[in-house]
Amino acid sequence: MTTTTIAPEPANPAGRHPEAVRRRERAVPAPIPFGRIAGVELRKMFDTRSGFWLMASLVVLSLAATAVTIIFVDADNLDYEGFASAWGIPMSVILPMIAVLAVTSEWSARSALTTFTLVSGRGRVIAAKALVTAVVGVVAIAAAAAVGALGYLGVAAVMDLDPVWNLSFAELARVTLASEIGMFMGFMLGTLFRSSPGAIVAYFVYALVLPTVSSALASTNTWWAEHATWFDLNWATMNLYSEMTDKMWAQLGVAGLIWLVVPMIVGLRLVLKSEVK
Amino acid sequence: MIQIDALTKRYGRFTAVDNVTFTAEPGRVTGFLGPNGAGKSTTMRILVGLTDPSSGSAHLLGRHFSQLPNPGREVGVLLDASAQHGGRTGREILTLAARTMGLPKSSVAETLERVSLTEEEAGRRVRNYSLGMRQRLGIATALIGDPEVLILDEPANGLDPAGIRWMRDLLRGFADDGGTVLLSSHLLHEIEVIADDIVVIGNGRIVAQGTKQELLASGETYARSSDPTSLGRALQRAGHTAEITTEGAVRSDADLTTVGQIAFDAGLVLSELRAADGAGLEEMFLQLTAETQRDHLQTPEGKAA
């Protein structure tokens, strides 16, 4: 080491690179538009291998459901509603998983560290994810309805049947709502758990274990049998697949408030406030 | 420009960051040095709004991070190179960043080239990346928006010596362009090689800060004479310290002129006279953090972090 390096450097670094420092002064960039955040979030749903396969299995399974319906249902009983309920099953499993992973993958993969340092308002990112989730739900149902309709038309032409279009727009809208409720249950559990395995297990407990428990309870307890639809969101949602009375809508609202809205508020608070590590 | 003012973060009774104040200036590379768990990462997370401080403030370019309309265009951040979805390719991760910031597609290829990731590597899933490649990708994400400030947590981890040299040149160029760089490390060598200014932190508290030269300078004088004993005695008679080093030279707390004058008055010939080497940043670092090192802590606070 030479003695010259002992002398401290000038305290004011601007003195060292005056031009360079000035060159760095520039305008504040424009805010990120919400549409761009939503576009990026949509891309993130499907740009991983797991995201791709979820999407692919959605297409494959709704094609398979159409095929199974054609093969196994009697020609006399074949109507459009039959197709609709066939592809409803894979949808009701896969769509909520897409919603869960849209939220939890940020935490499980810790990519939230990057996401939230590129968009400083976490609320905007979560709102974009919610919007994209809702849109994916609607598009998936619409696509499946179209695939089912094409399949049905094909079968009707081959077997020389008169197609029975017994699924009204209102019914389709209710099915879509039921599927959105499933997705947002997944979304909510994602915000609560912020871990993919935890939220997925919780979703299946909600969707598969709780209905069994509830119906077991209903078979032994008459009060629960009469009133469960007020408190059991699975049960209240099932009603969406048939005609809805005003009372059923009220039940759906109450059960939705308990199971979806209140926990979602807690989950969103956690997502917005908790530390990202 | 990064300004951190009286920043404190408590977790229950444990204080992770304790009244930390420092400034990272434009045109300089500021090294944030401390042992693991000293509070570097927590400070950096607070700086970019991922953690709320208990008290105090952190400002970037005069604003709080949440007030930056398009943060990636002003502040490049790399907090953890491994914090990426392993199922995405490197190019995809960079594309997502470019899209969020509203940058043209071409910026992805340009930035990949800037961090020396090949086309083939960029097409691989990040799961299969080495730590060094992840660091390069993380630095690419930080650089792609052409920011004014870089905040990098342990960016040299996993880089080979050539990679560390590359990083030093890159950050040097960024700072010479007027950018502000704050990088953390628990390895002294990295900081010594890369940084202009150094902030040393131990157990949440700043234990030293200044330019690298200030922190390195010992303030002592090193003199060689044919008769070191006489020189040492002459210095001690004049009220200075003097000790004879293993090489037979004299080390004293007197300044250069004083040592020269005393040797001249005593009629001694000097064959070498210079400022003494500092104890080295390493020794200083160990010294400064010795009392706050977790290894020596018996209090419950030592277990956290």
Side-chain angles (χ1 to χ4, degrees), chain A residues 1-33 36-37 39-41 43-44 47-53 105-106 108-122 125 273-277, chain B residues 25-28 41 45 48-52 65-75 77 79-80 82-89 92-93 95-97 99-102 125 138 141 145 148 151 175-180 196-197 210-214 216-219 256 274-275 277-278:
Chain A
M1 181 169 298
T2 58
T3 48
T4 50
T5 57
I6 298 292
E9 297 211 346
N12 178 13
R16 286 174 64 216
H17 308 288
E19 284 143 56
V21 171
R22 215 171 297 128
R23 201 167 73 228
R24 281 263 158 186
E25 283 171 16
R26 51 193 174 171
V28 173
I32 307 175
R36 211 158 78 202
I37 301 175
V40 169
E41 290 305 327
R43 190 179 167 121
K44 277 157 79 172
D47 70 354
T48 64
R49 200 171 275 176
S50 53
F52 169 79
W53 283 113
S105 69
E106 296 277 8
S108 282
R110 299 180 58 229
S111 51
L113 283 178
T114 306
T115 305
F116 294 145
T117 47
L118 291 181
V119 182
S120 54
R122 292 187 207 176
V125 175
K273 290 282 165 201
S274 70
E275 217 179 336
V276 183
K277 286 194 172 183
Chain B
E25 302 277 356
R28 312 275 290 175
S41 299
R45 278 205 314 274
V48 298
L50 293 178
T51 294
D52 286 332
F65 188 83
S66 64
Q67 291 164 325
L68 303 176
N70 190 346
R73 302 297 299 273
E74 296 185 89
V75 183
V77 182
L79 292 182
D80 185 343
S82 297
Q84 284 300 350
H85 197 297
R88 293 197 179 102
T89 64
E92 177 62 22
I93 284 171
T95 305
L96 290 173
R99 285 195 168 210
T100 308
M101 292 179 216
R125 291 183 197 274
T141 311
E148 290 174 68
I151 297 171
D176 286 348
D177 262 0
T180 307
D196 303 314
D197 297 324
T211 64
K212 183 163 68 185
Q213 283 75 11
E214 279 167 8
L216 277 171
S218 64
L256 288 167
R274 61 178 170 87
D277 291 335

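Here the structure is a predicted model, which means the values were calculated and not measured. Side-chain atoms are counted along with the backbone in the values below, which use heavy atoms only and exclude waters and symmetry mates. Reminder, nothing fancy here: chain letters follow the sequence lines and each chain counts from 1.
- Top candidate by heavy-atom pairs under 4.5 Å with chain A, chosen from B:T89, B:V48, B:T100, B:V75, is B:T100.
- The part of B:E92 that comes within reach of chain A is its side chain, from C-beta onward, which places non-hydrogen atoms under 4.5 angstrom from that chain.
- Contacts of A:R49 with chain B are made by both backbone and side-chain atoms, with heavy-atom separations under 4.5 Å.
- Taking CD1 from B:I151 and CZ from B:R45, the interatomic distance works out to 13.0 Å, rounded to the nearest 0.5 Å.
- With a threshold of 4.5 angstrom between heavy atoms, B:V77 approaches chain A through side-chain atoms but not through N, CA, C or O.
- Residues satisfying the side-chain hydrogen bond (donor to acceptor under 3.5 Å, both in side chains) criterion with A:R110, sequence neighbours excluded, are B:D80.
- In this structure, the portion of B:T141 lying under 4.5 Å from any heavy atom of chain A is its side chain and not its backbone.
- Heavy-atom pairs under 4.5 Å with chain B were tallied for A:V28, A:D47, A:I37; the largest tally goes to A:D47.
- Contact of the A:E41 side chain with the A:T115 side chain is registered, since non-hydrogen atoms from C-beta on lie closer than 4.5 Å.
- With hydrogens and angles left out, the side-chain atoms of A:S111 and B:Q84 include no donor and acceptor closer than 3.5 Å.
- Residue A:S108 does not touch chain B at all, counting heavy-atom pairs closer than 4.5 Å.
- Chain A forms more heavy-atom pairs under 4.5 Å with one residue of B:G49, B:A83, B:G87 than with any other, namely B:A83.
- Using modelled atom types, one finds no donor on one side chain facing an acceptor on the other under 3.5 Å when comparing A:S105 with A:K44.
- Atoms CG and NZ, from B:L50 and A:K277 in turn, are 11.5 Å apart once rounded to the nearest 0.5 Å.
- For B:T95, the part lying under 4.5 angstrom from a heavy atom of chain A is the side chain only.
- For chain A, the nearby parts of B:L96 are the backbone and the side chain; heavy atoms of each come within less than 4.5 Å.
- Within 6.0 Å of the CZ atom in B:R99, the count of heavy atoms belonging to other residues, nucleotides or ligands does not exceed 12.
- Proximity to chain B involves both the backbone and the side chain of A:T117, based on heavy atoms less than 4.5 angstrom apart.
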